[in-house]
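For reference, the structure discussed in these notes is given below.
In what follows, every heavy atom counts, from backbone to side chain, and hydrogens, waters and symmetry copies are set aside.
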Amino acid sequence: MAATGWTLAKRPHYTPPDRLGEAALVQLAQPVNRFPDYVRELVRSLKHTVPWMGRQRLADTLAREGLVLAASTVRRMAREMPPKIEEPDPSHSDEAGDSHPLANSTPPAPKRKLPEGITARYFGHVWHCDLTVVPTALGFWLPWFPFCVWLGWPFAYWVVGVVDQHTRTPIKLKAFKQQPSSRDVRRFLQSAVKEAGKAPKHLITDRGVQFQADYRAWCKRFDIKPRWGAVASHKSIAIIERFWRSMKGECCGRAFMPLRLPAVQAELDCYAAWFRLHRPHQALQGITPEERRADELPNVVRLEPRPKMPIRGDPISVRRVASVELSVERFAGREHLPVIHLEAA
């Protein structure tokens with residue numbers, strides 16, 4: 001006490017911790033990057049409204065409206081099931097045999113080089129055309145005799161589609177009651193060229209019966225170079241196959257396809273319009289096919305719900321908000337085609 005210069009009058013007052021209560025506890029600082037609880041509730045509500053959307057689709061959709069969240073954050077907020085643990089390859093385990101590299105005298109097989117596909121540089125450069133089958137409201141029918149699936153009306157429809165590679169835009173979709181012939185496909189492609197305003201430089205298809213000699217002659221007349229899909233090439237027929245997967249999961253799997261052909265064609269046209277205008281595409285870095293075609297990025301003001309998060313970059317393009325409201329519209333009255341909007345409350 002004498003060394004510090006304190007006297008009995010200047011001695012610090014000591015208060016026992018039990019009299020201070022919660023103030024005596026060590027409190028951690030709240031992290032600045034933690035999102036408010038209403039953002040978590042918004043993500044859960046959106047996931048409940050459109051449960052077929054994955055985490056990346058949800059993140060891209062929210063980013064288009066100004067709320068930037070990582071896909072991992074969306075998954076955590078939506079309380080999705082944890083990913084399945086991949087089982088180890090038994091060929092690399094000790095139980096499968098001697099795992100020493102010298103025990104196997106057979107040299108490893110060389111890796112097969114994947115074929116290089118053509119890359120589209122602009123809209124209308126490369127098109128993809130293919131056929132698929134979608135069930136009607138009656139569903140696929142498997143008769144006991146003659147032990148085959150009847151792929152045709154009234155149990156299924158054949159759909160022919162054309163997708164642009166550069167923008168992932170569905171140029172045209174058309175439904176048929178039976179499997180279309182080569183003449184039907186050529187007429188469909190000619191109408192797609194007329195609707196797009198120009199013919200593509202390259203047209204990629206599979207080697208089906210619709211794409212044989214007559215089809216090659218038609219391509220030559222329109223100065224189109226026909227190409228056939230290569231196995232394991234992501235720039236090949238897999239692009240339109242991925243579109244079929246999206247269409248069957250978002251359109252045909254969510255709404256029963258009617259039995260009347262005009263009604264089916266209306267559903268396909270409605271889905272193609274929604275896909276072009278409102279569906280963010282992962283291959284296009286989260287923008288829509290129409291925005292890629294117009295070469296215009298959406299003018300979005302970023303909403304920052306975290307009050308303590310420092311704003312970096314242009315402060316004009318970032319707006320701090322106290323709350324965010326979610327509104328979901330239905331495109332053309334279809335329940336399975338949502339148009340999502342976020343508004344600062």
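Tested against Thr132 for a side-chain hydrogen bond (donor to acceptor under 3.5 Å, both in side chains), the candidates Lys248, Arg245, Glu241 yield a single pass: Lys248.
Among residues two or more places apart in sequence or in another chain, the ring pair (Phe, Tyr, Trp, His ring centres under 6.0 Å) test is passed with Trp218 by Phe222. Evaluation of the side chain to side chain donor-acceptor pair (under 3.5 Å) rule for Gln282 yields no partner, not counting sequence neighbours.
Glu290 and Arg279 are not joined by a salt bridge, as no carboxylate oxygen comes within less than 4.0 angstrom of a charged side-chain nitrogen. Between Glu291 and Arg276, no side-chain nitrogen of the basic residue sits less than 4.0 Å from a carboxylate oxygen of the acidic one, so the salt-bridge criterion is not met. In this structure, Glu335 pairs ionically with Arg330, as a charged nitrogen and a carboxylate oxygen lie closer than 4.0 Å.
Between Tyr271 and Phe243, the ring planes lie tilted relative to each other; the angle falls in the 30° to 60° range.
Between the side chains of Ser182 and Arg186, at least one donor-acceptor pair of N or O atoms lies under 3.5 Å. Side chains of Gln165 and His125: a donor-acceptor N/O pair is absent below 3.5 angstrom, by distance only. Judged by distance alone, the side chains of Trp228 and Asp206 never bring a donor and an acceptor atom under 3.5 Å apart.
The distance from atom CZ of Arg168 to atom OG of Ser246, rounded to the nearest 0.5 Å, is 11.0 Å.
A cation-pi arrangement, defined by a distance under 6.0 Å to the six-membered ring centre and an angle within 45 degrees of its axis, is present between Arg306 and Phe35.
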